[in-house]
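Residue numbering restarts at 1 for every chain, and letters A, B, ... go by the order of the sequence lines. Since this is a predicted model, take the numbers as computed values, not measurements.
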There are 2 protein chains.
Amino acid sequence: MADSKFETILAPLRAAVKKQGDLVRSLKENNASDMEVKKAVGELKVLKKQLDDKELSLQPPSEIFNRSKFADLMIRRFFYDQSFSIYGGVAGLYDFGPMGCALKSNILEQWKKFFVLEEQMLEIDCSMLTPERVLKTSGHVEKFADTMVKDKKTGECFRLDHLIKNRLETLIKDKKQTAEVKEECKDIIIKLDGMTTEQMSDIVNKFNMKSPTTGNELSEPVDFNLMFATQIGPTGDQKGFLRPETAQGIFVNFKRLLEFNQGRLPFAAAQIGNAFRNEISPRSGLLRVREFTMAEIEHFCDPSDKSHSKFGDVENIVMKLYSACNQMDGQPPIDITIGQAVSQGMVANQTLGYFMARIYMFMMKIGVTKEKLRFRQHMSNEMAHYAVDCWDAECLTSYGWVECIGCADRSAYDLTKHGEETKQRLVAERKLPVPKSIQVTELEMDKGLIGKTLRKDSKECVEKLSKLTIEEIQQIHKFIDNGKPDSATGLTLCKIGDKEFNISKEMIPLRSYLKTVHVEEIVPNVVEPSFGIGRIIYTLLEHTFKIREKDEQRTYLSLPPLVAPLKCCVLPLLDNDKFTPLVSTLSKNLCQKGVSNKIDDCSGSVGRRYARTDEIAVPYCITVDFDSLVEPQSVTIRERDSMEQIRVPVSDVIDLIYNLSQGNIDWNVAKDKYPKFDSQQATE
Amino acid sequence: MADSKFETILAPLRAAVKKQGDLVRSLKENNASDMEVKKAVGELKVLKKQLDDKELSLQPPSEIFNRSKFADLMIRRFFYDQSFSIYGGVAGLYDFGPMGCALKSNILEQWKKFFVLEEQMLEIDCSMLTPERVLKTSGHVEKFADTMVKDKKTGECFRLDHLIKNRLETLIKDKKQTAEVKEECKDIIIKLDGMTTEQMSDIVNKFNMKSPTTGNELSEPVDFNLMFATQIGPTGDQKGFLRPETAQGIFVNFKRLLEFNQGRLPFAAAQIGNAFRNEISPRSGLLRVREFTMAEIEHFCDPSDKSHSKFGDVENIVMKLYSACNQMDGQPPIDITIGQAVSQGMVANQTLGYFMARIYMFMMKIGVTKEKLRFRQHMSNEMAHYAVDCWDAECLTSYGWVECIGCADRSAYDLTKHGEETKQRLVAERKLPVPKSIQVTELEMDKGLIGKTLRKDSKECVEKLSKLTIEEIQQIHKFIDNGKPDSATGLTLCKIGDKEFNISKEMIPLRSYLKTVHVEEIVPNVVEPSFGIGRIIYTLLEHTFKIREKDEQRTYLSLPPLVAPLKCCVLPLLDNDKFTPLVSTLSKNLCQKGVSNKIDDCSGSVGRRYARTDEIAVPYCITVDFDSLVEPQSVTIRERDSMEQIRVPVSDVIDLIYNLSQGNIDWNVAKDKYPKFDSQQATE
């Protein structure tokens, strides 16, 4: 019922997107000018955004997220908070407190198990400091920039496109403006994405824009590179940057990795580490920061064979895919198996599809809400020019759909670029299906003859000869054929490199023969899943944030035990020394099993302490009471989400908590096995 | 026998150290001038170095480490190598390849289990980018610098003290120099450590020193800060650095951490992460680099109580301690229990001793050679002025004794400094043994009266009054008592802050009363164990590097299974499709158990493949042969160090490898349980 009502509301918006999408298609087909296409695409984006926003606004109220309560929990229990806040804080820098750090650690551990271990990837750990030349080659020095303007008096900086958009949107809302002006503003906003710096600068002047915070004059636009620059070494002549992504470290190590893999393709390398982007105006908490942890995979494969040997394991997985085509048509994402998506050509190849499915499985494993995860395909205008296909795993948060993971087929771009710049052969060998015969011509110098003839000059002559190409040698042969050899010696004065020597053809014979080759060289293609760990953490925290029914004040996080910061809390029922030995023993034994836990022996009722452990997402509590001290010893185990309690013999408890926290067994299994707990029998 | 012969050789060197140590002591006792003490200490260091060098040179030949074979293995199997080497490389930057990265990961995992989990520490993860003000407060902006000179033509930089020392040592060896010059050079080298930049500059001029690589003129000395500087944000007015250590991130979060710990002391916070030092001339491979991983612990405790509740667990552990006193006396380190060392006062307190013992246990667990680990106490001249006591865990490598871990009692220095700079109360509360009554005097403004009297000025007056101290209010009272109040209003014109107001004593009465307080504020002291992870990895690799007896070409690494990069390798005996299903199943089941493993199905004899797995420290190989395909299925397990082989049923193998690789059971236990393997029965 609700769905069909929503669809009625959305129908005109969908139709508008489709109409504009069709216009873009036809412009492209008819080779319209770049500017025309850009304008149409810009308008398409605006319409898509309106559709998205409307869809989000139709969410049922129970789904509305209480961001202030959430933020309060994050800061109060120090999941994360702004860095250096006793010094006033720095925008875009965050510290993870004990619980945030443990959550991050657990997510990364699962990531390593799921990707590195299960897929036998080669994990490496490269330097963050990166010399300028590497990032020139990768394109980051030139292209990784935003255009900004500065407040002439205070020096405050604004991203030029944001500034213009915000100002024009204000004008559009301003009742004093004429319909004509408003129309012009709308038109500019639509075209903004494709404008040059000069065009944007003209708009700033035309509308006489000032600093939005002070009203001061603004500077001319300047390009600002988003990388943090520094100097490596004391001389000041080795410029470096903090890496803006971890991928380049893998590309520059390609040869070593291929060798480690004994020359065989395909293989994947992975890296977890920090990267840095000097955002002009960081915002949205953990979503847009200046220092962040990434986990990136570069899967190197044969460009002519992008099948994946394990694709069969995932082909029946159903995912929510939002293809470029559906986006152009104003249609919603569809649920489809990855097998179908690849066979229909919606997803470019099996390898890309395989990784999308693995990403999906990973996100489910760590506890992301299934309905709030979709894969959105880049439209051709969003995609880097070298990419073949690119899908973003997007998660729905209170900030809208947020890109958490990119998954792109980057073709041979990176290896080719680094190879050209360094003159290294960043290639692999491919076995030919059948060996092939090729004509080879080689120079076979007669060094004995050269030595005897040229004596002390022979070494230099040989050196220069060995630098010549076969074509150059052939030209020398021609030159000798057409020249006049010295009648006494039979030698001809020939230019070899930058010097002349008296030589004969006999000294430099060419030999041609057929050679059988079994391999050919190829530049591997790269499929790159790239995970923004901070964004995944943020999403997961939002998705698992809950408020207890009937008690607005009690908030908790329903993180899966596998990634929960602490797996267990051990509580004495009361502040009584009699409980201490058993409480300590249980905690110690859990540690030995590798189960992270803490003792909460603070004063306060058990109920209050449960509420406190709920806030930090502890899935299980073990409570020691007077019954626990009586043979046969037993304790209460309480589960966080259901608040259900069972009574378990002390002898079973460590293994039970271990298996529950590893996800080996589920709470329902434990509930079936052990009696429900109501109240203790014994008292002091 | 050997030992006593060595002691005879070392005796005169020990005596020389002792004599000089006694001189230093007596100079200090007699309040000799700073310069005199520094010179004597410098000479003491030279003598200590001579003693150390001689001791090292007396090592038996079997212990001589083959560094070139070692380096070859590290690079060939890509444990680690220089970063960006296809771009020519950058000095002091290294990438860890798949095996190095896994080793590092495993060491850090063990570290977390051993420290964070077992000691219930609060692990956090802070920003690397750090604003300048934080590092000014910590002292790094001012003091974290080396003095250098530049080659005037090439710009090459040299550390000034290294340059002088190297040049003078050359002169000392030069036969053409007079005895007088040589004596002067020796004298300068001894004093060098305590010299000012001006004094060193004079020496450069006096000896007319030039660039050692080009012979060019040198610049005047300049201070070079070892931190990497950058700009945070686009405005260019927020200078920042890459952190030179992780500790500051913990100190600036002290308040949040204390609160997370519900206000209770002692507690420890920990952090693992990268730090950066822009070394002038990096060298010695992984030992002196520009980017490195640290793991630091800050244990916050009551300054008046540095006992440790778990000290009893470690007090009987025997460690090799090299006290400052023994160093001054030319004596070797001694083996002593940490309990004795603390009770004798050699180690300052239980908390420091507890962490030293835990460090020792950790280093043993990951496989450092016991005889190559010592704890050396800083002599008073080496210690930061705020430190109470400091011990370095040093490991013997082919570069000599290398500091891998520092363990210092830093007193209240860091919290005091950050507290002063930020005006934040970085303190904890200590419960008083008995509540205490204190006299409290408070200003109780009569705001109603002030308002009625001063009207529009009242707000300003109240503001200024509230900034005054009690003493200043008392002075105003006195001023009113001694002055002449206006006869009409009864008011006196008084200066309050920077302005005058007509007031009366009735407006600003003081109230004194007795208050019972249960707590007092203290600035916690900090005990800091600080681990250099790269150095520990390097040490461990050196300590476990082995060459097979009788086969010089076969090298291997005897890393403990717990930290070995891969725990297991699964090999089919031959390149035969029949083996594939079992090989894959075994590998997959190992993965599911979390046991890192790889399949080696490359061609080559099993022996050659074993040798290859030995090189990457794989402790166990599972070999699938024709017998494995016959019921009851069994496989061969081979152990790396002993090269022994046993035959194990397939049904047992996963659990066996898991338990072996976790260190739950030992190879000897497995050998007792399963038959030795000689050769397979079945063939194809």
Side-chain angles (χ1 to χ4, degrees), chain A residues 77-78 81 83-84 86-87 90-91 93-98 101-102 104 113 117-118 120 122-131 133-134 148 150 155-157 224 228-230 232-235 237 242 249 252-253 255-256 260 262 274 276 278 280 290-291 418 422 424 591 594 596 598 602, chain B residues 77-78 81 83-84 86-87 90-91 93-98 100-102 104 113 117-118 120 122-131 133-134 148 150 155-157 224 228-230 232-235 237 249 252-253 255-256 260 262 274 276 278 280 290-291 418 422 424 591 594 596 598 602:
Chain A
R77 303 308 302 272
F78 194 14
D81 206 346
S83 302
F84 312 110
I86 64 168
Y87 280 86
V90 179
L93 295 183
Y94 287 86
D95 290 347
F96 288 98
C101 179
K104 181 177 170 185
K113 272 198 185 148
L117 180 58
E118 282 187 36
Q120 306 233 342
L122 306 181
E123 188 186 350
I124 64 174
D125 179 17
C126 305
S127 296
M128 298 175 192
L129 289 164
T130 306
R133 213 176 127 210
V134 175
M148 65 173 188
K150 277 190 187 192
E156 194 181 355
C157 297
F224 176 69
F228 286 93
T230 192
I232 302 172
T235 57
D237 57 11
L242 292 174
V252 300
N253 276 304
K255 273 305 231 190
R256 290 165 174 164
F260 188 86
Q262 299 176 276
N274 279 25
F276 302 81
N278 206 355
I280 293 174
R290 287 176 168 153
E291 181 177 336
H418 286 296
T422 60
Q424 304 271 332
C591 282
S596 60
K598 69 177 269 186
C602 288
Chain B
R77 302 308 303 271
F78 194 15
D81 206 345
S83 302
F84 311 110
I86 64 169
Y87 281 86
V90 178
L93 295 183
Y94 287 86
D95 290 347
F96 287 98
C101 179
K104 181 177 170 185
K113 273 199 184 147
L117 180 58
E118 281 188 34
Q120 306 232 339
L122 306 180
E123 188 187 350
I124 64 174
D125 179 16
C126 305
S127 296
M128 297 174 194
L129 288 164
T130 306
R133 213 177 127 211
V134 175
M148 65 173 189
K150 277 191 187 192
E156 193 181 356
C157 297
F224 176 69
F228 286 93
T230 192
I232 303 172
T235 58
D237 56 12
V252 299
N253 277 304
K255 273 306 231 189
R256 291 164 174 165
F260 188 87
Q262 300 178 275
N274 279 25
F276 303 81
N278 206 356
I280 293 175
R290 287 175 168 154
E291 181 178 336
H418 286 296
T422 60
Q424 304 270 332
C591 281
S596 60
K598 69 177 268 186
C602 288

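- When all heavy atoms of Asp95(B) and Cys126(A) are compared, the pair lying nearest together is OD1-CA, 3.1 Å.
- Ranked by heavy-atom pairs shorter than 4.5 Å toward chain B, the options Lys104(A), Glu123(A), His418(A), Lys598(A) are led by Glu123(A).
- Chain B forms more heavy-atom pairs under 4.5 Å with one residue of Met148(A), Glu156(A), Arg290(A) than with any other, namely Arg290(A).
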Apply side chain to side chain contact (heavy atoms under 4.5 Å, CB included) to Asn253(B) and Phe78(A), showing your working. CA-CA 10 Å; Asn253(B) 277 304; Phe78(A) 194 14; 3.5 Å; yes
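- For a residue to count as touching a neighbouring chain, one of its non-hydrogen atoms must lie under 4.5 Å from one of that chain's; by this rule Phe276(B) touches chain A with the side chain only.
- When the candidates Gln262(B), Lys113(B), Glu118(B) are compared by the number of heavy-atom contacts under 4.5 Å with chain A, Gln262(B) comes out ahead.
- The cationic group of Arg133(B) does not satisfy the cation-pi geometry with Tyr87(A), failing either the under 6.0 Å distance to the six-membered ring centre or the 45° limit from the ring axis.
- Listed here is the closest heavy atom pair of Thr235(B) and Lys150(A): O-NZ, 3.4 Å.
- Taking chain A as the reference chain and counting heavy-atom pairs below 4.5 Å, the highest number among Gly97(B), Cys101(B), Ser83(B) is found for Cys101(B).
- Although no hydrogens or angles enter the test, the distance criterion places a donor-acceptor pair under 3.5 Å between the side chain of Glu291(B) and the main chain of Met128(A).
- Per-residue heavy-atom pair counts under 4.5 Å with chain B were compared for Cys602(A), Pro234(A), Gly233(A), and the maximum is reached by Pro234(A).
- Ser596(B) approaches Leu117(A) most closely through the heavy-atom pair CA-CD1, 3.3 Å.
- Contact annotation: the side chain of Phe84(A) approaches that of Ser127(B) to within less than 4.5 Å [non-hydrogen atoms, C-beta and beyond].
- Contact count against chain B (heavy-atom pairs under 4.5 Å) is highest for Asp125(A) among Asp81(A), Leu242(A), Asp237(A), Asp125(A).
- Residue contact with chain B, scored on non-hydrogen atoms closer than 4.5 Å, involves the backbone of Ala229(A) exclusively.
- Within the 4.5 Å cutoff, the side chain of Leu93(B) has heavy atoms near those of the Leu129(A) side chain.
- With hydrogens and angles left out, the side-chain atoms of Asn274(A) and Asn274(B) include no donor and acceptor closer than 3.5 Å.
- For Phe228(B), the parts lying under 4.5 angstrom from a heavy atom of chain A are both the backbone and the side chain.
- In this structure the side chain of Ile86(A) never reaches within 4.5 angstrom of the side chain of Lys255(B), judged on heavy atoms.
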